[in-house]
Amino acid sequence: MPLALLALAIGAFGIGTTEFVIMGLLPEVAGDFGVSIPTAGFLVTGYALGVVLGAPLMTVLGTKVSRKRMLMLLMGLFIFGNLLSAVAPVFGVMLIGRVVASLAHGAFFGIGSVVAADLVAPDKKAGAIAMMFTGLTVANVVGVPLGTLVGQTVGWRVTFGVVALLGVLGLAGIAKLVPELPRAEGVRLRHELAAFKNTQVLLAMAMTVLGFGGVFAAITYIAPMMTHVTGFAEGSVTWLLVLFGLGMVVGNLVGGRYADRALMPILYVSLGSLAVVLALFTLTAHNKVLAAVTIVLIGALGFATVPPLQKRVLDQAHGAPTLASAVNIGAFNLGNALAAWLGGLVIAGGLGYTAPNWVGAALATAALVLALVSATLERQDAAASAVVTGRTPAEQPAAVHH
């Protein structure tokens, strides 16, 4: 794997840390600014919405710039947003800083996925994408717990200052290690937009929303579930989230490895298993050991879908994949927001703290159904093309694009 992937992974580590560390620091931030916890929660919601909106916006703005230069500009935006959060005199400025930082998120992972895939041989593309996403998964194991600890002991402003420094490291790494890749000739914004007419691209994005949404339905409410149902102490939630992060690291690497060999089968296995494990979580949540094991499995199975889904979008949006790749990153955050909302509804409806697990199982099952539909349509396209060309489906190219 090229050294340039390390630079992308460092940037991903910083982005992953700033996205999730705020959840552990909400009480400190709310106390400092004199706002309620629900009001401070806008720092999470604002970030997620910024990713969804920023992914296509920043990618479109960057169509005239080389991918390397755009990655550097995005890291600059990320650094500025986190510095603004670190020195914010009032809550409103802190919120602006969070949104500014989030605008870099989707486009960085979207463009970074394209660059990572271009740096390696065709049969290594999903592995290269997974290598970049390793930075995001490791952030949940190392960056978020350390950032929370620093924030609680020295002050949350220091945490955001350190995250900005991580951005500087990522920027320097991209400048030094990522090569200037030639832009695809003749690709204009209309070509990038044309990818969204492809049913397979839209199906892959819907799988992203539903599949990873299944994970977040359960994980968003992990603290009250583990303390009120399982009987863990509040201080145990941190290491339970570390277990979740470890599962993410393993799942990401396994998903990347097998997606290059059998992309759709790894999606069937991971989404189907995720649905089963989430449903079982309603039972295992009543036992400390089983609950801990289940949390690891949810992280592993959930993130095993990320490299194959990202590669699926790149494959189907061939020729002009940058915008579709970035929008798919936004789809992860859209799934997170949707699942958190649905999970909150079932809890508010009096169904208990384990009820979001059923929501997650239903979302993962829906994603599996879409994966089966996607594969069926692809086989039908191949068969139809075979009739036209006179070749058997086995003689057709591996994927049919339309």
Euclidean distance, [Y] [atom2] relative to [X] [atom1], rounded to 0.5 Å:
X      : Y      : atom1 : atom2 : answer
Leu73  : Met70  : CG    : CE    : 6.0 Å
Gln310 : Asp315 : CD    : CG    : 11.0 Å
Ile129 : Asp260 : CD1   : CG    : 8.0 Å
Leu283 : Phe281 : CG    : CZ    : 11.0 Å
Ile10  : Leu169 : CD1   : CG    : 6.0 Å
Leu278 : Ile219 : CG    : CD1   : 8.5 Å

Close side-chain approach of [X] and [Y], heavy atoms under 4.5 Å:
X      : Y      : answer
Val178 : Val115 : yes
Leu372 : Tyr268 : yes
Pro356 : Val346 : yes
Phe303 : Val254 : no
Asn82  : Leu165 : no
Leu334 : Phe212 : no
Val293 : Val296 : no
Leu241 : Asn140 : no

[atom1] ([X]) with more than 12 external heavy atoms under 6.0 Å:
X      : atom1 : value
Arg157 : CZ    : yes
Tyr258 : OH    : no
Phe42  : CZ    : no

Please give me the minimum heavy-atom distance between [X] and [Y], naming the atom from each residue.
X      : Y      : answer
Val168 : Ile79  : N-CD1, 3.5 Å
Ala55  : Thr59  : O-OG1, 2.6 Å
Ala107 : Ala326 : CA-CB, 4.2 Å
Val313 : Ala204 : CG2-CB, 3.7 Å
Asn357 : Ala218 : OD1-CB, 3.2 Å
Met72  : Leu171 : O-CD1, 3.4 Å

For residues [X] and [Y], establish whether the separation of their ring centroids is below 6.0 Å.
X      : Y      : answer
Phe216 : Phe332 : no
Phe78  : His105 : no
Phe133 : Phe109 : yes

Could you tell me whether a side-chain N or O of [X] sits under 3.5 Å from a main-chain N or O of [Y], the two making a donor and an acceptor?
X      : Y      : value
Lys68  : Ala175 : yes
Ser85  : Gly81  : yes
Thr230 : Ala285 : yes
Arg98  : Gly50  : no
Thr159 : Gly151 : yes

**OP:** Tell me, with the steps shown, if Arg67 and Glu180 meet side chain to side chain contact (heavy atoms under 4.5 Å, CB included).
**Re:** CA-CA 8 Å; Arg67 286 170 182 156; Glu180 282 282 5; over 6 Å; no
Exercise. Go through the steps for Leu6 and Met131 under the test side chain to side chain contact (heavy atoms under 4.5 Å, CB included), then give the verdict.
Key: CA-CA 8 Å; Leu6 177 62; Met131 190 64 70; over 6 Å; no
**Asked** When you check the side-chain N and O atoms of Ser374 and Arg312, is any donor under 3.5 Å from an acceptor?
**Response** yes
- Query: Side chains of Thr134 and Asn252: donor-acceptor distance under 3.5 Å anywhere?
  - Reply: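 Yes, a side-chain donor-acceptor pair sits under 3.5 Å.
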Please determine whether ring pair (Phe, Tyr, Trp, His ring centres under 6.0 Å) holds for the pair Phe244 and Trp239, giving the CA-CA distance in whole Å, both sets of side-chain angles, and the decisive distance to 0.1 Å.
CA-CA 9 Å; Phe244 173 68; Trp239 69 260; over 10 Å; no
Requested in this report: Give the C-alpha distance, both sets of side-chain angles, the deciding distance and a yes or no for side chain to side chain contact (heavy atoms under 4.5 Å, CB included) between Ile174 and Met75.
Outcome: CA-CA 9 Å; Ile174 291 165; Met75 286 314 296; 3.8 Å; yes
Result for side chain to side chain donor-acceptor pair (under 3.5 Å) between Thr294 and one of Thr282, Asn287, Thr284 points to Thr284
Check the pair Leu136, Phe13 against side chain to side chain contact (heavy atoms under 4.5 Å, CB included), reporting the backbone distance first and the verdict last. CA-CA 5 Å; Leu136 178 65; Phe13 178 83; over 6 Å; no
On the 0 to 90° scale, with breaks at 30° and 60°, tag the Phe33-Trp156 ring pair as parallel, tilted or perpendicular.
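Geometry flag for Trp156 against Phe33: tilted rings.
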- prompt: Is Asp123 salt-bridged to Arg261, going by a charged N under 4.0 Å from an acidic O?
  reply: no
